[in-house]
S.K.: 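Let me begin by handing over the structure; questions about it come next.
Naming convention: chains lettered A, B, ... in sequence-line order (proteins, then strands); numbering from 1 in each chain.
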2 protein chains.
Amino acid sequence: MIYDLWYWPTIQGRGEFVRLPMEAAGIDYRDCARIEGVEAMQRHLARQPRAPFAPPFLELEGMRLAQVANILQYLGERHGLALSSIRDRQWANQWQLTIADLIAEVHAVHHPVAMSAYYDEQRPESARAAQQFLQERLPKYLGYFETLISEHGGAWAIDHRWTYVDTSLFQLVEGLRYAFPQRMATLTGDIPRLIDIRDRVAELPGIAAYLASDRRIAFNTDGIFRHYTELDAD
Amino acid sequence: MIYDLWYWPTIQGRGEFVRLPMEAAGIDYRDCARIEGVEAMQRHLARQPRAPFAPPFLELEGMRLAQVANILQYLGERHGLALSSIRDRQWANQWQLTIADLIAEVHAVHHPVAMSAYYDEQRPESARAAQQFLQERLPKYLGYFETLISEHGGAWAIDHRWTYVDTSLFQLVEGLRYAFPQRMATLTGDIPRLIDIRDRVAELPGIAAYLASDRRIAFNTDGIFRHYTELDAD
């Protein structure tokens with residue numbers, strides 16, 4: 001059984017939140033657009049019925065699944081990457097959806113007024129968006145996550161072992177450190193448990209091997225997390 | 001069994017996507033912040049463990065559930081408001097998450113650069129955001145939904161009976177018509193099946209009774225869907 005993952009081939013983007021738990025759990029997948037190209041992805045995306053709105057999407061045995069939280073919920077259930085009671089399954093999902101909200105806000109910082117135009121076409125608006133994001137929204141989200149991890153009290157976010165929530169938190173911290181190194185430096189002291197989870201995920205054998213491989217695309221200024229010096233601040 | 005729904009008491013907002021299927025299915029709930037006030041809501045929101053990041057949230061028997069798509073998935077499963085196979089459950093969830101993405105973009109139109117500041121403080125940026133939203137993003141989303149409804153081919157979006165996807169589509173059309181009446185007038189001819197679903201949901205006995213009651217808060221310029229004449233266009 002091999003999953004076909006389709007996502008933009010030159011960025012980590014939202015696809016990375018799907019790649020990470022598969023790498024950590026040793027689930028076989030093909031990163032298809034990196035093999036077959038973007039046109040092939042567009043063909044698979046447009047295929048009816050039940051076409052996704054956008055990548056990433058996962059194909060397996062005629063099934064096609066889109067939306068990161070939705071994909072992770074499915075993988076979590078099928079491969080035991082999350083807790084199994086309904087209550088706990090919804091809790092993992094609630095975590096992931098809140099992480100997704102923060103990621104959407106990260107994207108909106110460099111694309112505040114025109115999602116399909118370039119950053120260069122909306123730099124003054126971005127500068128303004130970055131200010132409130134870094135001063136209010138980001139600490140609010142990270143402090144919230146820190147509190148939840150603290151009250152759970154173990155090595156991982158929601159269980160006694162890693163789940164997809166942990167791999168998503170890893171990616172969140174990595175992306176934020178790349179995009180906003182100054183701000184993350186000033187916030188790090190307030191989020192020790194979140195940083196611990198980031199470190200533990202990095203040491204999972206599957207993740208360590210992945211990060212050392214060329215399967216891990218480097219962060220760059222085409223993805224969701226972008227480093228523009230002028231948008232960062234203490 | 002009565003659910004306690006907590007949401008801002010003076011707007012439809014995201015809470016409405018939870019109220020609607022409960023009204024349609026005759027599920028008992030208390031709209032708590034309208035009875036006990038916002039301070040009570042903040043106390044329930046902050047309660048540990050597993051506090052939500054933001055309203056809406058639902059409480060039942062010591063369980064607290066947040067994030068609209070997450071709440072709807074739970075209600076759908078528990079009350080038979082969605083399809084029951086895993087594949088179909090994820091499909092309903094994928095629909096809802098895509099609707100949620102559009103709703104986040106609707107909100108970003110009037111709050112493009114500062115989520116916690118007023119619209120009046122970001123009017124030039126909003127004018128620019130509205131332009132691309134109305135010309136590119138909105139028709140792309142609505143056309144996508146129309147195609148899915150068309151290929152499914154029945155009276156409802158994903159099943160032979162209404163599900164929470166249909167009540168969400170109803171609310172989406174209602175909100176867009178209120179916020180952008182000019183643009184929706186020019187788009188209506190392209191989305192007949194989506195409009196049909198809106199009309200069918202409006203005629204469900206539970207929804208008809210709800211819309212005629214004072215439980216339905218009127219649209220206003222504090223919610224997600226806001227009508228600012230200067231942001232609308234053909």
Side-chain angles (χ1 to χ4, degrees), chain A residues 48-54 57 63-71 73-74 77-78 86-87 89-98 100-102 104-105 108-109 111-117 122 124-133 136-137 140-141 144-145 147-148 151-153 158, chain B residues 48-54 57 63-71 73-74 77-78 86-87 89-98 100-102 104-105 108-109 111-117 122 124-133 136-137 140-141 144-145 147-148 151-153 158:
Chain A
Q48 294 185 342
R50 298 191 170 183
F53 185 71
F57 57 97
M63 180 177 178
R64 195 175 27 176
L65 210 59
Q67 286 280 359
V68 169
N70 192 47
I71 296 171
Q73 184 177 58
Y74 177 83
E77 216 160 322
R78 181 151 179 176
I86 287 195
R87 193 174 283 220
R89 186 192 74 196
Q90 303 307 132
W91 176 238
N93 190 44
Q94 186 171 317
W95 256 101
Q96 185 62 40
L97 290 172
T98 309
D101 284 346
L102 170 52
E105 292 192 33
V109 165
H111 277 73
V113 291
M115 198 163 285
S116 40
Q122 46 198 312
E125 293 94 342
S126 293
R128 210 183 144 190
Q131 207 174 359
Q132 194 187 67
F133 175 76
E136 295 180 30
R137 301 297 293 173
K140 184 177 174 182
Y141 273 106
Y144 169 75
F145 296 145
T147 301
L148 291 185
E151 79 183 19
H152 175 62
I158 60 170
Chain B
Q48 292 186 348
R50 296 192 172 185
F53 185 71
F57 58 97
M63 179 178 180
R64 195 176 29 178
L65 209 60
Q67 287 280 359
V68 170
N70 193 47
I71 296 170
Q73 185 178 56
Y74 177 82
E77 214 159 323
R78 179 149 182 178
I86 287 196
R87 193 174 283 221
R89 186 192 72 196
Q90 303 307 133
W91 175 238
N93 191 43
Q94 187 170 318
W95 255 100
Q96 185 62 40
L97 291 171
T98 309
D101 284 346
L102 170 51
E105 292 192 33
V109 165
H111 278 74
V113 292
M115 197 163 287
S116 41
Q122 46 198 315
E125 293 93 342
S126 292
R128 212 184 142 189
Q131 207 173 357
Q132 193 188 68
F133 175 75
E136 295 180 32
R137 303 294 296 173
K140 185 177 173 183
Y141 273 107
Y144 169 75
F145 295 146
T147 300
L148 291 185
E151 80 184 18
H152 174 64
I158 59 170

S.K.: Can you sort out the partners of R64(A) under side chain to side chain donor-acceptor pair (under 3.5 Å), two or more places apart, ordered by chain and number?
M.R.: none
S.K.: Give me the atom names and distance for the closest heavy-atom approach of W91(A) to A51(B).
M.R.: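 Smallest interatomic distance, heavy atoms only, reads CH2-O, 4.2 Å.
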S.K.: Starting at CD of Q67(B), measure out to CZ of F53(B) and round the result to the nearest 0.5 Å.
M.R.: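 Output value for this atom pair is 9.5 Å.
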S.K.: I'd like to know if the side chain of H111(B) and the backbone of A117(B) have a donor-acceptor N/O pair within less than 3.5 Å.
M.R.: yes
S.K.: Check each atom of P124(A) against the heavy atoms of chain B and say whether the ones under 4.5 Å are side chain, backbone, both or neither.
M.R.: neither
S.K.: What pairs with A69(A) under side chain to side chain contact (heavy atoms under 4.5 Å, CB included), at least two apart in sequence or on another chain?
M.R.: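 A69(A) satisfies side chain to side chain contact (heavy atoms under 4.5 Å, CB included) with N93(A), Q96(A), L97(A), L97(B) only.
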S.K.: With chain A as the partner, which of K140(B), Q48(B), M115(B) has the greatest number of non-hydrogen pairs under 4.5 Å?
M.R.: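 Max contact count across the listed options: M115(B).
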S.K.: Specify which of E136(B), Q73(B), R78(B) makes the most heavy-atom pairs with chain A at under 4.5 Å.
M.R.: Q73(B)
S.K.: Is Q90(A) close to chain B through its backbone or its side chain, or both, or neither, when contacts mean heavy atoms under 4.5 Å?
M.R.: both
S.K.: Can you tell me which portion of A104(A) sits under 4.5 Å from chain B's heavy atoms? Options are side chain, backbone, both or neither.
M.R.: neither
S.K.: Answer with side chain, backbone, both or neither: which region of Q131(B) has an atom nearer than 4.5 Å to a non-hydrogen atom of chain A?
M.R.: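 For Q131(B), neither part sits under 4.5 Å from chain A.
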S.K.: For W95(B) and L148(B): C-alpha separation, side-chain torsions, deciding distance, then whether side-chain contact (heavy atoms from CB on, under 4.5 Å) applies.
M.R.: CA-CA 10 Å; W95(B) 255 100; L148(B) 291 185; 3.5 Å; yes
S.K.: Sort out for me which of R50(B), H152(B), R87(B), R128(B) touches chain A most, counting heavy-atom pairs under 4.5 Å.
M.R.: R50(B)
S.K.: Need one label for T147(A): side chain, backbone, both or neither, based on atoms under 4.5 Å from any heavy atom in chain B.
M.R.: side chain
S.K.: Where does E125(A) contact chain B at under 4.5 Å (heavy atoms): side chain, backbone, both or neither?
M.R.: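 When you check distances to chain B, atoms from both the backbone and side chain of E125(A) fall under 4.5 Å.
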S.K.: Taking side chain as everything from C-beta outward and backbone as N, CA, C, O, which of these in I86(A) sits under 4.5 Å from a heavy atom of chain B? Side chain, backbone, both or neither.
M.R.: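 Contact with chain B: side chain only.
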S.K.: Determine, stepwise, if the pair F145(A) / L102(A) fulfils side-chain contact (heavy atoms from CB on, under 4.5 Å).
M.R.: CA-CA 11 Å; F145(A) 296 145; L102(A) 170 52; 4.0 Å; yes
S.K.: Under a 4.5 Å cutoff for heavy-atom pairs, which residue among S116(B), A127(B), A108(B) has the most contacts with chain A?
M.R.: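 Maximum pair count with chain A is reached by S116(B).
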S.K.: Against chain B, label E77(A) side chain, backbone, both or neither, depending on which of its atoms sit under 4.5 Å from a heavy atom there.
M.R.: side chain
S.K.: Give, as side chain, backbone, both or neither, the part of Y141(A) having an atom under 4.5 angstrom from any heavy atom of chain B.
M.R.: both
S.K.: Side chain, backbone, both or neither: which part of Q94(B) has a heavy atom under 4.5 Å from chain A?
M.R.: both
S.K.: Side chain, backbone, both or neither: which part of Y144(A) has a heavy atom under 4.5 Å from chain B?
M.R.: side chain
